[in-house]
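One structure below.
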Amino acid sequence: MNDKLKSIHAEFEQSIVSVSSNEDLEAVRIRFLGRKEGLVTNMFKDLGKLSVKEKPVYGQKINDLKNLITEKIAQKVKEIEQKSIESLKSKGADAFDLSLPAFKNEIGAMHPLSIVTDEICTLFVEMGFMVVEGPEIETEYYNFEVLNIPLEHPSRESFDTFYLHKKSLLRSHTSPVQARYMEKNKPPIQIIVPGKVYRPDATDATHSFMFHQIEGLLVDEGITLAHLKGVLSVFAKKLFGVKTKTRFRPHFFPFTEPSAEMDVSCIICSGKGCRVCGGNGWLEILGSGMVHPKVLKAVNIDSSKYSGFAFGMGVERIAMLKYGIDDIRLFFENDMRFIKQFS
Ligand code: DAH
């Protein structure tokens with residue numbers, strides 16, 4: 001045992017002098033200290049064959065050798081590093097200080113609008129909806145006509161829509177995807193449509209010329225307003241908490257009849273009345289309604305057999321309420337200090 005230790009030590013001293021690179025050093029480390037077949041490691045394994053008296057004696061000796069080797073390897077690491085710094089310097093490259101710590105890798109964060117969009121889509125996917133997307137450059141036909149929005153409707157004026165050239169425009173809502181999908185797919189239909197929309201609004205704390213909407217559509221036999229209320233109330237409770245109340249106020253949209261806006265009990269004051277809800281305890285969250293028979297007809301769906309409901313909501317508004325953000329411009333300024341709060 002003594003002889004073996006001596007010969008391993010001698011071999012180590014011989015190998016370490018000739019080492020000049022990290023790769024060579026690693027090979028030496030593996031030969032002597034490698035976990036599977038290292039010479040020193042194997043010595044530990046041989047200890048089992050010794051008598052109870054010899055075991056601690058040799059155990060100590062092997063340990064000493066192991067420590068010595070570990071120390072010399074560490075020393076060599078420093079030597080190699082020093083040499084490489086010197087050689088860089090001699091080449092006039094003293095701008096590099098290899099002893100400085102490396103740059104930290106920045107870990108990114110999801111944008112709050114992506115977080116909220118994902119969360120909302122997931123809630124609807126859990127209820128059987130499928131995520132579908134559509135083009136941001138639309139035709140007048142899909143953005144307006146097929147949705148029963150007549151030529152004289154104010155939203156068709158050039159100052160309410162970005163027209164590109166004669167018949168194409170930047171979509172002003174995600175509703176056109178309803179019609180595109182119904183043209184190609186027959187009921188039952190159950191889709192959720194996230195995406196960017198554009199309106200030539202002057203930018204301020206609550207307006208942006210580009211923002212995000214999520215549209216929903218469900219069409220099948222026997223669908224009623226009760227289904228609309230059920231699905232959207234469950235959605236509100238899942239998004240804002242089980243105690244959230246909902247109310248539906250009659251409204252008008254050309255593509256639904258009847259139409260309603262859905263309010264939720266204020267998520268800040270739980271309906272008592274505060275600054276955020278303007279004191280009345282309710283927050284308007286989305287527009288909805290039963291798909292207008294004219295819309296179904298335009299996409300060749302028999303409205304005497306099928307009915308459906310649709311809804312649309314603004315992602316920025318929901319994100320602002322959820323996170324207490326008071327200026328829509330924060331979403332688009334790309335200030336890292338803002339984004340990092342969501343990591
Ligand atoms: N497209 C509407 C808007 O931009 C939102 C909307 C309201 C969508 C009612 C719908 C709906 O599908 O049924 O204001």
Side-chain angles (χ1 to χ4, degrees), residues 117 120-121 124 129-136 138-150 153-157 160-162 169-183 189-201 206-220 223-233 235-236 246-264 283-296 298-299 301 303 306-318 328:
T117 302
I120 293 174
C121 288
F124 281 104
F129 287 73
M130 188 174 91
V131 178
V132 169
E133 287 179 317
E136 287 170 30
E138 260 306 357
T139 58
E140 284 197 289
Y141 177 73
Y142 285 110
N143 201 75
F144 301 119
E145 262 151 69
V146 75
L147 296 169
N148 191 36
I149 302 175
H153 194 277
S155 68
R156 293 187 68 158
E157 299 273 359
D160 278 322
T161 303
F162 282 116
L169 47 83
L170 293 178
R171 68 178 178 192
S172 58
H173 53 174
T174 42
S175 305
V177 187
Q178 284 186 30
R180 285 183 174 275
Y181 192 83
M182 286 192 284
E183 272 183 351
I189 287 169
Q190 213 180 338
I191 57 166
I192 188 89
V193 186
K196 290 189 176 70
V197 301
Y198 303 83
R199 289 179 197 176
D201 284 331
T206 53
H207 293 86
S208 166
F209 53 83
M210 184 280 296
F211 58 101
H212 297 76
Q213 285 189 334
I214 297 180
E215 186 86 12
L217 173 72
L218 187 151
V219 183
D220 203 349
I223 299 301
T224 70
L225 199 62
H227 296 111
L228 177 157
K229 289 180 77 175
V231 167
L232 293 178
S233 302
F235 158 69
T246 45
R247 74 175 184 188
F248 292 81
R249 276 179 295 101
H251 199 77
F252 173 78
F253 296 107
F255 34 93
T256 45
E257 178 59 35
S259 306
E261 281 192 326
M262 182 178 87
D263 296 342
V264 295
L283 297 166
E284 182 218 315
I285 292 295
L286 54 79
S288 64
M290 301 305 292
V291 181
H292 201 295
K294 279 190 181 164
V295 175
L296 292 176
V299 294
I301 290 181
S303 64
Y306 295 106
S307 54
F309 66 82
F311 53 91
M313 64 190 98
V315 181
E316 280 76 2
R317 177 165 165 77
I318 293 179
I328 198 171

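Each ligand, and each atom within it, is numbered from 1 in the order the structure gives.
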Angle between ring planes, Phe255 versus His173, binned at 30° and 60°: parallel, tilted or perpendicular?
perpendicular
Salt-bridged, Arg249 to Asp263, with N to O below 4.0 Å?
yes
Would you call Glu261 and Arg247 a salt bridge, using N to O less than 4.0 angstrom?
no
Please enumerate all residues that pass ring-ring contact (aromatic ring centres under 6.0 Å, His included) together with Phe311, with sequence neighbours excluded.
Phe124
Do the non-hydrogen side-chain atoms of Arg317 and Leu283 ever get within less than 4.5 Å of each other?
yes
Using a strict cut-off of under 4.0 Å between a residue heavy atom and any atom of ligand 1, list the qualifying protein residues by chain and number.
His173, Ser175, Gln178, Arg199, Gln213, Glu215, Phe253, Phe255, Thr256, Gly287, Ser288, Gly289, Ala310, Phe311, Gly312
Tyr142 six-ring face occupied by Arg171 cation (under 6.0 Å, within 45°):
no
